[in-house]
There are 2 protein chains.
Amino acid sequence: MAKATIDDVAALAGVSMKTVSRVVNKEPNVRGSTRDKVQAAIDELDYRPSQSARSLAANRSYVLGLLYDNPSASYVIDVQDGALTTCRRSGYDLLIHPCKRDAAELLAEVLGLVRQGRVDGLILTPPLSDMAELVQALVNADIPFVRLSPTEHKEACPYVQTNDQEAAYDMTCRLIELGHQHIGFIIGHPDHRAVTQRYAGYVAALKENDLTLDKSLVVQGYNSFDSGRDCARQLLSLSERPSAIFASNDDMAAGVIIEAHHRGIVMPAELSVAGFDDTPVAHQIYPSLTTVRQPIAEMAAKAVELLLKQLKGKSVQMPAAIMSCRILERESTGKVKP
Amino acid sequence: MAKATIDDVAALAGVSMKTVSRVVNKEPNVRGSTRDKVQAAIDELDYRPSQSARSLAANRSYVLGLLYDNPSASYVIDVQDGALTTCRRSGYDLLIHPCKRDAAELLAEVLGLVRQGRVDGLILTPPLSDMAELVQALVNADIPFVRLSPTEHKEACPYVQTNDQEAAYDMTCRLIELGHQHIGFIIGHPDHRAVTQRYAGYVAALKENDLTLDKSLVVQGYNSFDSGRDCARQLLSLSERPSAIFASNDDMAAGVIIEAHHRGIVMPAELSVAGFDDTPVAHQIYPSLTTVRQPIAEMAAKAVELLLKQLKGKSVQMPAAIMSCRILERESTGKVKP
DNA sequence: TTGAAAGCGCTAACAT
DNA sequence: ATGTTAGCGCTTTCAA
């Protein structure tokens, strides 16, 4: 049996092609009995609408593109899962498109994706969310897109973010509450503005608690485990060693923990460590890592929702959403040694 | 400027539509000068072929589907990366399709994906590679697909795998060489046959070295960190504690390491631990984990290559590839205490 | 509430 | 080496 087309269904149901189309697309203005008749024909023939014919005629692909540049594996997976949840409910598919933010062809590549009609819209994750050039190009080309955790140009285009700066503030306050006065901080990769901004929360918390900001306790990391370990080497070699270290992400915090182990430093008795992101390593490490969980999947699901709204032309008034982080206290933090 | 079509390009270049099509698709039998003329017109108009028109006319989507059911995040990311490498070289896109292997609609869903023309072929990862029902349905429906690390029906359809059973054998031999006589083993999730089969390597190595297989040293895990920790509780509570534990994957091995830490067991002095997969946690943990690395991305790239060959009708004789694992010795294993 | 006709922009098959 | 002719299977007008 060759695969059935819309004409076959129409013939079998004794209606026009257009009526079948209406039933398939759940459009209104079809009598119940007609709908049933058509549905029966669809079932009998096991009819599946051709995606490409639909796309060509309707001039949309029913596919969304997910753009990312090398965030952590667990982040990408969570984003994909969340995005797919909403996509599937709406009959959309998800095309993944990892890319290099410094590639010369990046812009052409991304614009091509849309102009070729491969995708109807885009989701941007950090650090791409903050590539002004890319954002501007998308706006100029009138391409629908939503950004996750952007830090800039928020007035211009829809986005979804968390209150993670506030969470960094809270985490720092918690460490202070535990008696820590010398708290080391590891800043994130300069290109990942969403991550580096966590530093502001740390600074604000120190200020709020009348602690001086000691620049020798603040070091620049690059989001990787190895860079975290390098930073730990610096911090743990100081004559006056910090009693706690707060890293801007879990991978770097894991680097701190490993370096501390190698120096025979007992955690949390002699050193408290906190991270950010709640990646898998956070609970697979010893001691398990106190960290902050962002609702990544939910954010991505929300982003897709906003994007689909845009595609339907229902341009939302303030197309943005802010979601909440949660601090998870585990074994790696504790009261400062008296 | 409205977007250019193939007719616009043909008109500007002063050739027929078909010639433009030939240039775009890099078909042979076009004179160099003609090709240049057409290319110039394409550049001038910034012409991008419509994906949906191509798909409809050619009856192929130029998209491949990646099916998976909940393997680890790092595994999925590696597979995606590898698959995309080959896809992009060939002008294909990748659609991701996570699914539940016990979902009633799984088959209909997957078949629908192909029958709707959303994808031209599929890549299956474990444990889906070993779902006989799914594999059979794909074969019956004459859908092109390639499996990663299948353990069954290998005569029937193309696949890519590694010599991981051999690697498990080698790893066990290495532990024995280090003086270990009592080696605990944690079996993988029963549904993941590719993982459970590593047990065979362990058994073979014991036999080869004239060690008796002590069933109390073999416990059933479920691939997760938590299950690994549970298994470790069992093994480390034995009156005659193993001096080494080999887990069928890294997540479970991480569970062993954490449980050992909590019991004050020093590694590797008092306990050696080995894992499998070289996931990120393997080097983010203390002590860093001795494990086996499979070339996941390369396997996926190869799988796509085989799939594309199938799509081009060049049915390869024995469409299968076997790739090599590598043992990585890190800090978690050492000589047995005298 | 339903239908008829006209493409969407390409590729395939067959000329030339 | 290049061109001509037909569709691919839908959605979108517009009409009834």
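All chains are named by letter (A, B, ...) in the order of the sequence lines, taking the proteins before the strands, and each is independently numbered beginning at 1. These numbers come from the heavy atoms of this one structure, side chains and all, not from hydrogens, waters or symmetry mates.
Rounding to whole angstrom units, CZ of residue A/Arg60 and P of D/dT12 are separated by 8 Å. Counting to the nearest Å, the P atom of C/dG9 and the NZ atom of B/Lys3 are 7 Å from each other. A straight line from CZ of A/Arg54 to P of C/dC10 spans 21 Å, rounded to a whole angstrom. A straight line from CE of B/Met17 to C1' of C/dG9 spans 7 Å, rounded to a whole angstrom. Nucleotide D/dC8 holds its P atom 19 Å from the CD atom of A/Gln51, rounded to whole Å.
Between the B/Thr162 side chain and the B/Ser324 main chain, no donor and acceptor come within less than 3.5 Å of each other. A/Asp130 places a side-chain N or O within donor-acceptor distance of the main-chain N or O of A/Thr151, the cut-off being under 3.5 Å.
Of all the residues in residues 27-43 of chain B, not one reaches under 4.0 Å from DNA chain C with any non-hydrogen atom.
Dashed line: the shortest gap from a side-chain N or O of A/Tyr62 to OP1 or OP2 of D/dT11 is not under 4.0 Å. Regarding contacts with the backbone of D/dG3, a side-chain N or O of B/Thr19 is found under 4.0 angstrom from either OP1 or OP2. Between B/Ser50 and C/dG9 there is no side-chain N or O to OP1 or OP2 distance below 4.0 Å. Between A/Ser16 and C/dG3 there is a side-chain polar atom (N or O) within less than 4.0 angstrom of OP1 or OP2. Residue B/Asn59 places no side-chain N or O under 4.0 Å from the OP1 or OP2 atom of C/dT11.
For A/Leu56, the side-chain atoms get nearest to C/dC8 when compared with the rest of C/dT11, C/dC8, D/dT11. With D/dG9, C/dG9, D/dT11 as the candidates, the nucleotide lying closest to the side chain of B/Ala57 is C/dG9.
No donor-acceptor contact under 3.5 angstrom links the side chains of B/His153 and B/Gln136, judged on distance only.
For the side-chain contact (heavy atoms from CB on, under 4.5 Å) with A/Cys87, the qualifying choice from A/Leu307, A/Leu308, A/Val304 is A/Val304, the only one to do so.
In this structure, A/Asp142 places its CG atom where only 12 or fewer heavy-atom neighbours from other residues, nucleotides or ligands lie under 6.0 Å away.
For A/Arg22 and B/Ala58, each mapped to the nucleotide of DNA chain C holding its nearest heavy atom, the one lying further toward the 5' end belongs to A/Arg22. Taking the nucleotide of DNA chain D with the nearest heavy atom to each of B/Val15 and A/Lys18, the more 5' of the two is matched to B/Val15.
Every ring-ring contact (aromatic ring centres under 6.0 Å, His included) that B/Tyr92 has, sequence neighbours left out, goes to B/Tyr62.
A salt bridge links A/Arg48 to A/Asp46: one of the charged nitrogens lies within less than 4.0 Å of a carboxylate oxygen.
Contact annotation for A/Asp7: no contact, since no heavy-atom pair falls under 4.0 Å across all strands.
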